[in-house]
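Down below is the structure, laid out as structure tokens.
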Amino acid sequence: MAKGITKRAEDYSKWYIDVVQKAEMADHSPVKGCMIIRPTGYGIWEKIQQHLDRMFKETGHVNAYFPLLIPESFLKKEAEHVEGFAPECATVTHGGGKKLEEPLVIRPTSETIIWDAYRNWIGSYRDLPLLINQWANVCRWEMRTRLFLRTTEFLWQEGHTAHASHEEAEEETYKMVQVYKTFAEKFMAMPVLVGRKTEAEKFAGALHTYCIEGLMQDGKALQAGTSHHLGQNFAKAFDVQFQDKDEQRKYVHGSSWGVSTRLIGGMIMTHSDDNGLVVPPKLSPRPVVIVPIYRKDDEKELVLNKAREITASWDPLFFYLDDRDQYKPGKKFNEWELKGIPVRIEIGPRDVESGEVIVARRDTGEKVSMPMDGLLEKLEALLDDIQDNLFKIAKQRLEDNTHTVDSYDEYKARVKDGGFFRVFLDHANPKVEEQMQTDTKSTVRCIPFDAPEEEGPCMITGVLCKSRVIAAQSY
RNA sequence: CGGGGCGUAGCGUAGUCCGGCUAACGCACCUGCUUUGGGAGCAGGGGAUCGCAGGUUCGAAUCCUGCCGCCCCGACCA
């Protein structure tokens with residue numbers, strides 16, 4: 001039905017771009033790789049921020065803001081970190097018409113400038129733990145970009161915490177990846193696997209990295225959030241020490257964790273269809289739209305008055321009364337469908353007469369009649385049902401597309417068709433994963449926390465492995 | 001950086017091979033009337049230095065040279 005959206009089956013990548021642009025979520029900017037986030041897209045980001053920010057605060061974190069520009073020398077203080085990020089940094093060399101003495105890097109991530117500040121903030125065990133988050137933009141000069149999934153500049157949050165012990169930092173790292181899992185599943189209706197990254201895939205400068213991984217409709221994996229145990233690496237690089245109860249001076253243990261506007265890409269590729277965007281109710285800035293239907297002025301007045309009467313006690317941010325006179329109802333139906341609004345209410349003279357309204361849900365397209373009496377409660381229940389249904393469908397798809405494979409030949413033949421693959425792989429040896437990547441363009445997405453105890457030979461080398469890992473092609 | 005594609009009105013395109021009237025069409029936009037339960041109809045109207053710079057020619061969107069930009073596929077990555 002939708003005009004101008006390429007079908008998923010025809011060209012998934014084209015479909016994705018079409019949905020983003022036709023739903024007015026984002027535009028390409030005049031600068032290559034950057035994007036303009038339009039109100040439809042930004043409204044979803046605001047909902048993501050709202051829910052996550054609350055979850056961060058509920059787990060004891062506070063927000064702060066650190067500067068965009070970082071002295072270039074800071075990035076070089078942690079050996080692995082500089083290696084990982086140097087190639088993708090944008091650098092400011094001139095300011096005020098003069099060449100700067102030291103170039104400034106536009107933050108690709110803020111560990112260095114934050115740990116530099118932590119040195120001054122932390123002196124005693126009484127100053128710990130330090131639990132700070134910031135909402136910010138960062139810049140990474142990627143070679144190939146895609147709206148929301150990978151842009152040169154993107155929005156994210158980054159948590160940076162400091163602890164007295166390895167155990168506490170580990171607890172924090174694990175806790176936050178679980179927060180991400182809960183958020184992904186409960187609010188985004190996007191099922192994810194939770195686990196640890198391999199050496200090859202972990203964050204540059206971390207002891208280890210935990211992650212959530214989603215599976216998109218085309219069978220490719222999407223890394224949707226990461227939480228890093230930094231150990232004492234940044235504390236040592238920036239000399240952040242504290243005096244402990246035992247009077248010893250010790251280096252602080254750190255964690256950092258983040259999710260980005262990439263989540264919006266994940267939401268699109270998890271739920272949307274050939275008719276456009278599908279937004280889970282909990283991420284919708286206004287989950288209900290009311291489209292009035294009328295012919296003459298007297299009907300218009302009748303219908304709009306009734307609509308206003310019904311919604312008088314509703315939260316203004318729960319719904320949008322689309323009383324734009326310049327568009328016909330059919331046009332509005334399609335516009336809201338394209339933009340993925342979860343529920344649409346149609347109200348016309350016939351409905352005012354009967355005391356009922358037509359309610360259409362975006363996920364199934366189903367239309368039902370509902371009495372105006374007690375409508376709000378019914379809508380809330382319906383929105384919950386849509387949220388659950390979207391999760392259930394996505395969960396089923398993830399399960400249906402998770403395969404257990406033992407032979408490398410079978411893996412090579414099947415991995416290109418998409419899905420998660422449970423395989424034995426000697427991931428302790430980076431060369432093995434490298435070979436798999438060369439052969440198949442796939443990588444280990446994670447070593448799941450909940451992998452059942454199972455032993456078997458690595459599908460490439462035959463070395464005995466103690467559990468299966470999840471491998472897939474990814475974005 | 002390698003492979004492919006493309007730059008003509010806000011968007012999507014035709015015209016380019018084979019140079020020639022005032023650069024055409026659809027959508028969008030503006031005005032008026034009729035319409036309004038799944039993207040309205042009719043009539044009228046506005047909007048382009050044909051990506052940029054040179055060159056060839058009486059004449060260039062079209063031919064030649066150089067440059068720039070964008071998109072898609074790969075390598076890199078959240």
Side-chain angles (χ1 to χ4, degrees), chain A residues 1-6 11-18 21-22 24 27-34 83-89 108-109 138-158 180 197 200-204 209 211-214 221-228 256-266 275-276 291-297 299-300 303 323-338 344-354 357-358 360 365 367 369 434 437-438 441 443 445 473-475:
Chain A
M1 197 60 204
K3 279 186 200 165
I5 295 187
T6 306
D11 184 341
Y12 192 81
S13 175
K14 185 104 198 313
W15 166 83
Y16 177 81
I17 305 259
D18 283 349
Q21 293 192 330
K22 305 281 175 183
E24 299 180 353
D27 274 350
H28 289 286
S29 92
V31 176
K32 180 180 161 65
C34 295
E83 204 177 307
F85 282 100
E88 49 187 87
C89 283
T109 178
V138 287
C139 188
R140 297 183 188 175
W141 217 260
E142 302 288 356
M143 290 171 182
R144 200 161 115 50
T145 56
R146 281 160 73 82
L147 293 169
F148 290 111
L149 296 175
R150 183 172 300 104
T151 46
T152 301
E153 179 193 5
F154 58 95
L155 305 183
W156 77 347
Q157 60 68 219
E158 44 181 328
Y180 288 152
K197 283 289 184 194
E201 294 275 319
K202 74 168 192 191
F203 178 73
T209 290
C211 65
I212 56 171
E213 291 281 328
L222 183 77
Q223 178 173 310
T226 46
S227 181
H228 317 294
S256 69
W257 28 272
V259 297
S260 72
T261 33
R262 168 179 266 199
L263 287 177
I264 296 174
N275 293 324
V291 178
I293 295 153
Y294 48 80
R295 268 181 290 265
K296 302 279 188 302
D297 278 353
E299 282 184 354
K300 176 181 169 184
V303 168
D323 59 358
R324 295 175 299 173
D325 212 11
Q326 61 272 39
Y327 298 118
K328 292 177 53 175
K331 162 92 180 174
K332 294 177 181 176
F333 294 171
N334 283 285
E335 180 180 333
W336 292 113
E337 204 160 274
L338 200 52
R344 182 185 70 241
I345 295 176
E346 303 168 19
I347 177 167
R350 291 203 305 255
D351 307 297
V352 175
E353 183 73 24
S354 69
V357 291
I358 303 292
K367 276 189 185 190
S369 199
E434 200 181 306
Q437 182 162 13
T438 310
K441 291 178 198 148
T443 49
R445 302 317 305 156
Q473 291 197 325
S474 72
Y475 277 98

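Just so it is clear: chains get the letters A, B, ... in the order the sequence lines come, proteins before strands, and each one is counted from 1.
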Under 6.0 Å from the CZ atom of A:R324, do we count more than 12 heavy atoms belonging to anything else shown? yes
A:Q21 CD - B:C11 C1' separation (whole Å): 10 Å
Which part of the nucleic acid, if any, lies within reach of A:P87 when heavy atoms closer than 4.0 Å are counted: base, sugar-phosphate only, or nothing? nothing
Looking at every strand, decide which applies to A:K441 at a 4.0 Å heavy-atom threshold: base, sugar-phosphate, or nothing. sugar-phosphate
Have a look at A:Q223 and say if it touches a base, only the backbone sugar-phosphate, or nothing, with a 4.0 Å heavy-atom cut-off. sugar-phosphate
Should the side chain of A:R344 and the base of B:G38 be counted as holding a donor-acceptor pair, with the cut-off at 3.5 Å? yes
Between the side chain of A:R140 and the main-chain N/O of A:P108, is any donor-acceptor distance below 3.5 Å? yes
I need the CD-P distance between A:E24 and B:A28, as an integer number of Å. 14 Å
B:G2 pairs with, by Watson-Crick or G-U criteria that keep both distances under 3.5 Å: B:C73
Between B:C50 and B:G7, how many Å separate the two C1' atoms, rounded to a whole number? 10 Å
Applying a 3.5 Å limit to both distances, which nucleotide forms a Watson-Crick or G-U wobble pair with B:A40? B:U34
When both distances are under 3.5 Å in a Watson-Crick or G-U wobble arrangement, the nucleotide paired with B:G54 is B:C64
Please work out if A:K197 contacts a base, only the sugar-phosphate, or nothing of the nucleic acid, heavy-atom cut-off 4.0 Å. nothing
Could you tell me the separation between the CH2 atom of A:W141 and the P atom of B:A75, rounded to a whole number of Å? 22 Å
Closest-nucleotide mapping onto RNA chain B: is A:L149 or A:K331 further toward the 5' terminus? I mean the 5' end. A:K331
Check whether any side-chain nitrogen or oxygen of A:R146 sits under 4.0 Å from OP1 or OP2 of B:C76, and answer yes or no. no
Would you say a side-chain N or O of A:K328 is under 4.0 Å from OP1 or OP2 of B:G37? yes
Rounding to a whole Å, what distance do you find between A:Q473:CD and B:G74:C1'? 12 Å
Does B:U36 have OP1 or OP2 sitting under 4.0 Å from an N or O in the side chain of A:Q326? no
How would you label the contact of A:T226 with the nucleic acid (heavy atoms, under 4.0 Å): base, sugar-phosphate, or nothing? nothing
Using purine N1 to pyrimidine N3 plus N6-O4 or O6-N4 for Watson-Crick, or N1-O2 and O6-N3 for G-U wobble, each under 3.5 Å, what pairs with B:A24? B:U13
Report which part of the nucleic acid A:T209 touches: base, sugar-phosphate, or nothing (heavy-atom distance under 4.0 Å, all strands). nothing
Closer than 4.0 Å, any side-chain N/O of A:R350 to the OP1 or OP2 of B:G37? no
Whether A:N334 side chain and A:K331 backbone form a donor-acceptor pair below 3.5 Å: no
Keeping A:T443 on the side-chain end and A:R445 on the backbone end, is there a donor-acceptor pair under 3.5 Å? no
Taking the P atom of each, how far is B:C17 from B:C21, in whole Å? 13 Å
Across the strands shown, which category fits A:T109 at heavy-atom distances under 4.0 angstrom: base, sugar-phosphate, nothing? nothing
Figure out the CD/P separation between A:E201 and B:C76, and round it to whole Å. 10 Å
Where each residue is assigned the nucleotide of RNA chain B containing its nearest heavy atom, which of A:F85 and A:P329 is assigned the position nearer the 5′ end? A:P329
Which part of the nucleic acid, if any, lies within contact of A:Q437, taking any heavy atom under 4.0 Å across all strands shown: a base, the sugar-phosphate backbone alone, or nothing? sugar-phosphate
How about A:F203 and A:F85: are their ring centroids closer than 6.0 Å? yes
Interatomic distance, A:Y475 OH vs B:G74 P [rounded to whole Å]: 10 Å
Taking atom P of B:G39 as reference, at what distance in whole Å does atom NZ of A:K22 sit? 18 Å
Spacing of CG belonging to A:D18 relative to CD1 belonging to A:I5, to within rounding of 0.5 Å: 6.5 Å
Take atom OH of A:Y294 and atom P of B:U36, then tell me their distance rounded to the nearest Å. 12 Å
May I ask you to verify whether the side chain of A:E337 and the base of B:G38 hold a donor-acceptor pair under 3.5 Å? yes
Using a heavy-atom cut-off of under 4.0 Å over every strand shown, decide if A:I358 touches base, sugar-phosphate, or nothing. base
Quote, to the nearest angstrom, the P distance that separates B:G69 from B:A75. 24 Å
With under 30° as parallel and over 60° as perpendicular, where do the rings of A:W156 and A:F154 fit, or are they tilted in between? perpendicular
